[in-house]
Number of protein chains: 2
Amino acid sequence: MDKPTKPRSTRIQREKRELILEAALEVFAQHGFRGATIDQIAEAAGMSKPNLLYYFKSKEAIFVTLIDRLMEAWLAPLREMDADGDPVTEIRSYIRRKIEMARDFPRESRLFANEILQGAPRILPLLEGELKELVDEKAEIIREWIRQGRLKKTDPHHFIFAIWATTQHYADFDVQVRAVLGPDKGGEGRFEDAATFLEGLFLG
Amino acid sequence: MDKPTKPRSTRIQREKRELILEAALEVFAQHGFRGATIDQIAEAAGMSKPNLLYYFKSKEAIFVTLIDRLMEAWLAPLREMDADGDPVTEIRSYIRRKIEMARDFPRESRLFANEILQGAPRILPLLEGELKELVDEKAEIIREWIRQGRLKKTDPHHFIFAIWATTQHYADFDVQVRAVLGPDKGGEGRFEDAATFLEGLFLG
DNA sequence: TTAACGTTTGTCCAAACGGTCAAAAATTGC
DNA sequence: GCAATTTTTGACCGTTTGGACAAACGTTAA
């Protein structure tokens with residue numbers, strides 16, 4: 001009986017696939033799934049369309065690969081929230097991490113937002129499963145902190161939603177934020193200002 | 001010299017255009033501009049594609065009409081914030097109105113979110129003009145309230161952003177919110193819960 | 001050198017798309 | 001009732017799109 005030899009991927013394959021994913025992230029984040037074309041992605045990756053399709057069998061396959069990777073990184077900050085830590089410190093760190101992600105990975109944030117806006121057709125099971133479990137678990141921690149009188153009383157679920165909404169807002173609605181803040185206050189310092197503000201809002 | 005007789009629109013024209021806009025709102029909100037097709041909109045409006053194009057000269061024209069109308073309704077709640085009112089009451093009312101809009105007009109919210117996500121290609125001037133002016137004006141009011149010691153100290157601009165982000169979250173990320181809350185807590189009461197939570201967050 | 005394998009490209013296709021147009025059908029005003 | 005006008009439709013067109021495919025190209029190892 002032959003071992004079903006896993007088709008070992010070469011160095012070139014890994015590099016090209018990485019190149020394609022990077023280009024696709026750019027294009028998908030700006031135009032959404034339907035709005036993006038394989039040609040656009042191929043051009044951004046510096047290769048021809050058939051060549052791209054040699055590495056990914058379809059546009060959908062690229063998108064799914066991107067989203068799968070994204071979800072890992074997306075849940076990480078919340079996972080790090082530690083029941084044994086100091087509540088204020090833990091929450092402050094969580095907010096910081098989320099704002100840093102909005103600043104450093106806005107394309108990922110927009111990709112995710114796009115998927116949810118369309119009704120999360122590809123990740124609904126994950127939201128109802130893994131994500132819900134994670135949030136429920138952390139909500140229970142927050143509830144415990146409140147019970148111990150170490151945190152102001154609030155609804156833990158809506159508390160988490162509010163942190164998501166406000167932090168991701170600076171990535172997803174960046175155009176609007178910059179437009180409203182104007183050229184003077186819309187510089188790169190806006191993320192630091194946002195972080196400071198949000199700490200005050202959620203912990204003040 | 002002839003009066004440039006405005007082509008008076010008939011009753012049928014007004015009704016059909018309304019029907020189309022309603023259908024288009026549904027389709028655009030779900031699939032975005034590029035993702036939506038004229039055929040889809042026509043079918044949702046119960047008419048043939050050429051017939052739809054008799055009332056709107058292009059897909060773009062439908063979208064622009066929709067967005068123009070939307071912006072009016074969108075700015076209204078913030079406009080109502082009254083410098084002469086009680087700060088806490090004014091802000092509470094503003095949050096209430098925004099949550100009600102997320103509950104009653106989620107499609108409009110998603111349409112707007114979609115446009116911003118794509119970089120606001122059609123409404124950027126409006127954001128940099130009318131919206132910025134409005135926000136600056138209201139920010140000044142909030143600043144004055146703080147100066148008078150009638151409101152906790154915060155950055156007015158980010159304060160407004162936070163209200164936008166949290167309230168619209170319940171429309172734009174509705175799928176995720178429902179997935180995380182689950183069948184029991186995800187019922188229609190979630191908007192009321194959200195409103196209560198947000199009042200506490202922003203005014204507590 | 002050459003056979004085997006991995007990579008790249010030009011060409012092609014069928015479906016979907018936004019939009020046009022002339023003609024038919026329905027409505028309206030007299 | 002009838003002519004003028006508005007509304008609706010089927011057929012059609014050019015373009016874009018996702019994807020297939022075979023042939024060409026490059027690389028490696030015997």
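Here the structure is a predicted model, which means the values were calculated and not measured. Here is how names work: the chains are called A, B, and so on, in the same order as the sequence lines, proteins then strands, and each is numbered from 1.
A straight line from CZ of A/Arg17 to C1' of C/dT8 spans 17 Å, rounded to a whole angstrom. Atom CZ in A/Arg14 sits about 11 Å away from atom P in C/dT7, given to the nearest Å. Between B/Met47 atom CE and C/dA26 atom C1' there is a gap of 15 Å when expressed in whole angstrom units.
An OP1 or OP2 oxygen of C/dT7 is reached within less than 4.0 angstrom by a side-chain nitrogen or oxygen of A/Gln13. When the side-chain nitrogen and oxygen atoms of A/Asn51 are compared with OP1 and OP2 of C/dT9, one or more of them lie within a distance under 4.0 Å. Between A/Ser48 and C/dT8 there is no side-chain polar atom (N or O) within less than 4.0 angstrom of OP1 or OP2. Contact check, B/Tyr54 against D/dT8: no side-chain N or O comes under 4.0 Å of OP1 or OP2.
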Letter per nucleotide, 5' to 3', of nucleotides 15-21 of chain C [B base touched, S only sugar-phosphate touched, - untouched; heavy atoms, 4.0 Å]: --SBBBB
Stepwise salt bridge (charged side-chain N to carboxylate O under 4.0 Å, His left out) test for A/Arg96 and A/Glu192: CA-CA 9 Å; A/Arg96 283 271 163 191; A/Glu192 194 49 44; 3.0 Å; yes
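A side-chain N or O of A/Thr89 and one of A/Asp86 form a donor-acceptor pair less than 3.5 Å apart.
Both the sub-6.0 Å distance and the 45° axial angle are satisfied by B/Lys98 relative to the ring of B/Trp74.
At the heavy-atom level, B/Phe56 lies nowhere under 4.0 Å from the strands shown.
We find that A/Asp172 and A/Arg110 are not joined by a salt bridge, their nearest charged nitrogen and carboxylate oxygen being 4.0 Å or further apart.
With contacts defined as side-chain heavy-atom distances shorter than 4.5 Å, the pair A/Glu140/A/Arg143 qualifies.
Using bins of under 30°, 30° to 60° and over 60° for the plane-to-plane angle, the ring pair A/Phe173/B/Phe112 lands in the tilted bin.
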